[in-house]
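Since the structure comes first, as structure tokens, the remarks are kept for the end.
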Amino acid sequence: DFHKFGSFQDAIINPLKARASLLYQKRILWLTILVFMNVFSGAAISGFENIIQSMTSLLFFLPLLIGSGGNAGSQSATLMIRSLAVGDVEMKDWIRLLGKEVLVSFLLGITMAAGVSLIAGLRSPEIIPVVAMTMILTVMAGSLIGLTVPFIFTKLKIDPATASAPLITSIADIMGVLIYFSIAALIFGL
């Protein structure tokens, strides 16, 4: 499961015994898919060029904010994959877990927003509301993606461990870029 979570196609590969060509084959498909998914992050960023040119200070916080959404999503996915694997949760529990994840991710987002707001206050106080709201929303979005993808894969009869951290973080990155620059455009009227 841990290999699948890391985007490996087969569960157990001993890297000492496996041929380099086999290790390459097991990794290249997902990495290629993720490269093309990340093109959407770049496209989203390029769609906000006017905002970036007007407020270059926003770029400083971009990796921190989208990384936080991906990290929250990976945590949530790890918890759900394990819980599904050991039978602690079932498909019928999804709605109940979704409500709980909304609350937990909101609290996590607020806590993390307080920290990033302190940093923004030292660097660019005018963007505190943008980074704070973005942190809350990206942590929530990442967490909900991380919770949902394993359930979707289970419903489709695909091993939920293949709902890998790289897939979830790539989706969360795209969402984070859109959330961040949309909030900045809204607040600054750009």
Side-chain angles (χ1 to χ4, degrees), residues 5-7 27-28 30-80 97-152 163-190:
F5 192 66
S7 293
R27 296 172 65 183
I28 192 61
W30 267 109
L31 290 175
T32 303
I33 291 168
L34 295 171
V35 163
F36 287 104
M37 281 188 69
N38 286 323
V39 167
F40 291 110
S41 291
I45 290 170
S46 70
F48 293 102
E49 284 180 20
N50 61 332
I51 295 168
I52 294 168
Q53 289 173 352
S54 299
M55 300 210 52
T56 57
S57 59
L58 292 169
L59 288 177
F60 178 83
F61 293 95
L62 182 61
L64 180 145
L65 292 166
I66 64 172
S68 296
N71 291 339
S74 292
Q75 276 188 337
S76 181
T78 300
L79 179 62
M80 287 307 110
L97 288 166
L98 184 66
K100 190 178 286 190
E101 191 66 22
V102 167
L103 175 61
V104 170
S105 63
F106 178 70
L107 295 172
L108 291 168
I110 287 176
T111 305
M112 294 169 74
V116 77
S117 293
L118 290 174
I119 298 166
L122 298 172
R123 184 161 175 92
S124 306
E126 70 278 5
I127 65 170
I128 290 173
V130 175
V131 297
M133 284 191 277
T134 300
M135 181 61 83
I136 294 166
L137 293 176
T138 58
V139 167
M140 290 181 73
S143 295
L144 296 174
I145 292 165
L147 171 98
T148 303
V149 169
F151 279 97
I152 291 171
S164 64
L167 174 62
I168 291 166
T169 56
S170 292
I171 295 169
D173 286 355
I174 296 164
M175 297 287 296
V177 167
L178 294 172
I179 291 167
Y180 188 38
F181 291 118
S182 295
I183 290 173
L186 185 67
I187 288 179
F188 296 118
L190 300 171

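In this structure, the side chain of Ser124 does not engage the main chain of Ala120 through any donor-acceptor pair within 3.5 Å. Ser76 contributes no side-chain N or O that, together with a main-chain N or O of Gly73, makes up a donor-acceptor pair within less than 3.5 Å. Between the side chain of Thr148 and the backbone N or O of Ile145, no donor-acceptor pair lies under 3.5 Å. Under a 3.5 Å cut-off, the side chain of Ser54 and the backbone N or O of Asn50 do form a donor-acceptor pair.
Contact check for Ser46 versus Glu49: side-chain heavy atoms found under the 4.5 Å cut-off. Residues Phe188 and Val130 form a side-chain contact, since some pair of their non-hydrogen atoms from C-beta on lies under 4.5 Å apart. Contact annotation: the side chain of Leu167 approaches that of Ile171 to within less than 4.5 Å [non-hydrogen atoms, C-beta and beyond]. Side-chain contact between Phe181 and Thr134 is absent, with no heavy-atom pair separated by less than 4.5 Å.
Separation of atoms CD1 (Ile174) and CD1 (Ile179) is listed at 11.5 Å; rounding is to 0.5 Å. Atom CD of residue Glu101 and atom CG of residue Leu79 lie 7.5 Å apart, to the nearest 0.5 angstrom. Atom CG of Asn71 and atom CD1 of Ile168 lie 12.0 Å apart (nearest 0.5 Å). The structure places CE of Met37 at 9.0 Å from CD1 of Ile33, a figure rounded to the nearest 0.5 Å. In this structure, the separation between CD1 on Ile187 and OG on Ser182 is 11.0 Å, given to the nearest 0.5 Å. Going from atom CG of Leu107 over to atom CE of Met140 covers 9.0 Å, rounded to the nearest 0.5 Å.
When all heavy atoms are compared, the tightest approach of Thr169 to Gly70 is CG2-O, 3.4 Å. Of all the heavy atoms in Ala113 and Ala132, the pair that sits closest is CB-O, 3.5 Å. Across all their heavy atoms, Val177 and Ala44 have their closest contact at CG1-CB, 3.5 Å. Summarising the geometry of Gly121 relative to Ile128, their closest heavy-atom pair is CA-CD1, 3.7 Å, with the distance given to 0.1 Å. The two atoms that bring Pro166 and Leu34 nearest to each other are CB-CD1, 3.1 Å, heavy atoms only. Contact record, Val139 with Ser105: CG1-O, 3.7 Å, taken as the closest heavy-atom pair.
Put simply, the residue from Ile127, Leu137, Leu178 that forms a side-chain contact (heavy atoms from CB on, under 4.5 Å) with Ile183 is Leu137.
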Please list, one pair per line, the donor and acceptor atoms closer than 3.5 Å that link side chains of residues 55-66 to other protein atoms, with sequence neighbours excluded.
none

Quick one, Phe151 with Leu98, criterion side-chain contact (heavy atoms from CB on, under 4.5 Å). Give me CA distance, side-chain angles, the key distance, then yes/no.
CA-CA 11 Å; Phe151 279 97; Leu98 184 66; over 6 Å; no
